[in-house]
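When reading the values below, keep in mind they use all heavy atoms of this one structure, side chains included, and skip hydrogens, waters and symmetry mates. All of these numbers come straight from a predicted model, not from anything done at the bench.
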Amino acid sequence: MEEHLLVRKIDMGTVIDHIPPWKAENVLRLLELDKIKRSEYSLIVLHNVPSRKYGRKDMIKIYRHHISHDEADIICLVYPTITVNYIRDWRVEKYKPKIPEKIVGRIRCPEPTCISNSPREPIKSRFRVIGELRAIQCEYCDTMVEFERMADLVIRREGS
């Protein structure tokens, strides 16, 4: 059977590949890409497409937008199989995400009494990554959060 491209190639942007099937929505929440409304961006999400390496996968193509390395590293915590390709003038630059040691200001602590959730304390949340447990730990109250729950705790950035 001859393979065909489901979506055309892009000349500028980011491709996040090898996302586990039916998990692209979590990646969109982690990156807040679901909030992209600027007219020059296009977002293509493919669910459950064939993959030689994993059987099935999701893929996200973002036309005219490059995610940061920090954002790619956070996605890698949740889905270590992902690959990130930056495309500039049809040239592909692969980025191998790294597991970060800390996550600052991106994830909300689920413990309601944590000082980082107090509106009277102007501090950012801070988590240490504990890779062997596949969890992050709040540096203020020691609450543990499994990597899989991180997408539900993303702090929304203002103005995005």
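- Here Ile130 is tied into one hydrophobic group with Leu133, Met144, each link being a pair of ILVMFWY side chains closer than 4.5 Å.
- Partners of Glu132 under the side-chain hydrogen bond (donor to acceptor under 3.5 Å, both in side chains) rule, at least two apart in sequence or in another chain, do not exist in this structure.
- Contacts of Ile67 classified as side chain to side chain contact (heavy atoms under 4.5 Å, CB included), with partners at least two apart in sequence or in another chain: Thr14, Ile16, Leu31, Ile62, His65, Glu71, Ala72, Ile75, Val84, Tyr86.
- Arg64 pairs by the side-chain hydrogen bond (donor to acceptor under 3.5 Å, both in side chains) definition with nothing, not counting sequence neighbours.
- Pairs of residues two or more places apart, or lying in two chains, never qualify as ring-ring contact (aromatic ring centres under 6.0 Å, His included) while including a residue from residues 115-147.
- Scored by the salt bridge (Lys or Arg N to Asp or Glu O under 4.0 Å) test, Glu148 finds Arg134 as partners (sequence neighbours excluded).
- The side chain to side chain contact (heavy atoms under 4.5 Å, CB included) search around Glu111 returns Cys109, Thr113, Cys114, Cys141, Thr143, not counting sequence neighbours.
- By the side-chain hydrogen bond (donor to acceptor under 3.5 Å, both in side chains) test, Arg88 is found to be paired with Glu93, residues two or more places apart in sequence or in another chain being considered.
- Contacts classified as ring-ring contact (aromatic ring centres under 6.0 Å, His included) and involving residues 95-124 (residues at least two apart or in different chains) are given here: His69-Tyr95.
- Applying the salt bridge (charged side-chain N to carboxylate O under 4.0 Å, His left out) test to residues at least two apart or on different chains, none of the pairs has a partner in residues 72-82.
- The side chain to side chain contact (heavy atoms under 4.5 Å, CB included) check on Arg128 picks up Lys102, Gln137, Glu139, Asp142, with sequence neighbours excluded.
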Pair up each side-chain donor or acceptor in residues 17-26 with any protein partner under 3.5 Å, not counting sequence neighbours, and list the distances.
from, atom 1, to, atom 2, distance (Å)
Asp17, OD1, Lys57, NZ, 3.0
Asp17, OD2, Lys57, NZ, 3.3
His18, ND1, Thr83, OG1, 3.1
Glu25, OE2, His47, NE2, 3.0
Asn26, OD1, Arg29, NH2, 2.3
Asn26, ND2, Tyr79, OH, 2.8

